Amino acid sequence: PRAPAAPPVFDDAAGAALAGVIESIGSEGFGPDGLAQLNRWMPLCWWSIYRLFDDAPPTLHALGSFGVPDGTRASRQVYRDSLYRFDRTFHVVRPMLSEHHIGMAHWHAREIPGRHRAEIYSRHGLLERLSIVSDGEGHGVLAVNLYRHESQPGFSDREIDAVRGLAVPLVACVQRHIALAR
């Protein structure tokens with residue numbers, strides 16, 4: 001017998017989630033509402049949307065928590081106060097941006113350097129982060145970070161491919177939200 005074919009990466013659930021994110025663009029609740037919509041598609045506990053710079057603190061654009069205690073604001077503060085200076089996790093993506101304008105990085109908590117891991121990942125039970133990174137057109141890079149909690153399964157290769165398939169329209173939604181929120 002033949003194994004059933006894997007469903008398409010962009011399926012009805014992905015389309016419905018993306019439509020929900022589109023509906024939340026420009027709203028004050030974009031962070032939590034957008035994440036709730038993405039959870040119609042795949043389990044995620046947090047998301048954070050930052051513009052990152054080489055020589056300045058990051059600019060936060062949205063945060064959200066779903067189904068776990070919300071530590072996003074506390075984590076944002078400790079990251080902005082100091083950890084961003086030592087965070088090299090986005091450096092692996094930057095070379096991709098000159099060619100593709102969007103790149104992705106997948107990090108397990110155990111791969112995150114000590115203090116960063118302790119103050120954010122271990123403190124809040126985060127297992128993994130999948131980051132979609134976009135060229136900031138001369139204004140740093142835009143990072144859309146999707147997190148899994150220790151109570152959730154790790155990202156499978158199929159899920160990572162699914163996120164890659166939704167990356168361009170998701171970044172477009174985020175960019176539109178940022179423009180409207182100004």
Side-chain angles (χ1 to χ4, degrees), residues 8-54 56-81 83-84 87 89-90 93-94 96-97 100-106 120 124 126 128-149 152 155 159-182:
V9 170
F10 192 90
D11 58 9
D12 289 343
L18 185 60
V21 171
I22 291 168
E23 289 176 10
S24 66
I25 290 172
S27 73
E28 283 188 34
F30 178 77
D33 295 346
L35 180 62
Q37 293 300 322
L38 290 174
N39 268 275
R40 295 171 62 186
W41 173 47
M42 77 170 49
L44 302 165
C45 68
W46 286 8
W47 79 333
S48 63
I49 301 167
Y50 286 95
R51 184 157 316 275
L52 301 156
F53 307 94
D54 290 330
T59 301
L60 173 69
H61 294 291
L63 292 171
S65 177
F66 188 87
V68 299
D70 188 355
T72 57
R73 298 226 180 271
S75 293
R76 175 231 181 242
Q77 192 62 47
V78 73
Y79 187 78
R80 190 179 193 290
D81 285 349
L83 292 179
Y84 79 90
D87 186 1
T89 61
F90 294 100
V93 182
R94 289 180 189 234
M96 293 179 219
L97 299 180
H100 302 290
H101 303 290
I102 289 186
M104 284 183 46
H106 175 221
I120 296 178
H124 300 285
L126 299 177
E128 290 178 284
R129 182 184 84 210
L130 188 58
S131 296
I132 304 166
V133 182
S134 174
D135 182 344
E137 300 170 0
H139 304 297
V141 296
L142 180 66
V144 178
N145 302 301
L146 308 173
Y147 298 86
R148 286 273 172 92
H149 191 263
Q152 297 173 314
F155 287 108
E159 288 173 318
I160 292 169
D161 286 343
V163 170
R164 185 175 288 111
L166 203 66
V168 170
L170 187 56
V171 166
C173 289
V174 165
Q175 289 171 327
R176 184 67 180 147
H177 172 74
I178 292 168
L180 289 172
R182 286 192 186 125

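Since this is a predicted model, take the numbers as computed values, not measurements. If you read the sequence from its start, that first residue is 1, and numbering goes on from there.
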Exercise. For the residue pair Leu126 and Cys45, establish whether any side-chain heavy-atom pair is separated by less than 4.5 Å.
Key: yes
Practice problem: Calculate, to the nearest 0.5 Å, the distance between atoms CH2 and CG belonging to Trp41 and Asp12 respectively. | Solution: 13.5 Å
Quiz item: Taking C-beta and beyond as the side chain, do Arg129 and Thr89 meet within less than 4.5 Å on heavy atoms?
Solution: yes
Self-check item: Test side chain to side chain contact (heavy atoms under 4.5 Å, CB included) applied to Leu180 - qualifying residues, sequence neighbours left out
Solution: Ile25, Arg176
Self-check item: Ser27 versus His177, closest heavy-atom pair with distance
Solution: O-CE1, 3.4 Å
Self-check item: His61 side chain near Val174 side chain, heavy-atom distance below 4.5 Å
Solution: no
Quiz item: Going by heavy atoms in the side chains, are Asn145 and Trp46 under 4.5 Å from each other?
Solution: no
Quiz item: Cys173 pairs by side-chain contact (heavy atoms from CB on, under 4.5 Å) with which of Val144, Val21, Val168?
Solution: Val21
Practice problem: Can you run down the salt bridge (Lys or Arg N to Asp or Glu O under 4.0 Å) pairs that involve residues 139-148, sequence neighbours left out, and say none if there aren't any? | Solution: Arg148-Glu159
Exercise. Determine whether Arg76 and Tyr50 make a side-chain contact, defined as any pair of heavy atoms from C-beta on separated by less than 4.5 Å.
Key: yes
Quiz prompt | Heavy-atom side-chain contact between Leu60 and Arg80 under 4.5 Å | solution = no
Quiz item: Is it true that a side-chain atom of Ser65 and a backbone atom of Val68 form a donor plus acceptor pair closer than 3.5 Å?
Solution: yes
Quiz item: Is there side-chain contact between Ser134 and Gln175, with at least one heavy-atom pair below 4.5 Å?
Solution: yes
Quiz item: Which atom names give the shortest non-hydrogen contact between Met104 and Ile160, and what distance separates them?
Solution: CE-O, 3.7 Å
Quiz item: About how many Å separate OH of Tyr147 and CD1 of Ile120, when rounded to the nearest 0.5 Å?
Solution: 6.5 Å
Quiz item: Under 6.0 Å from the six-membered ring centre of Phe155 and within 45° of its axis: does the NZ or CZ of Arg164 meet both?
Solution: no
Exercise. Report yes if some heavy atom in the side chain of Trp47 is under 4.5 Å from a heavy atom in the side chain of Asn39; otherwise report no.
Key: no
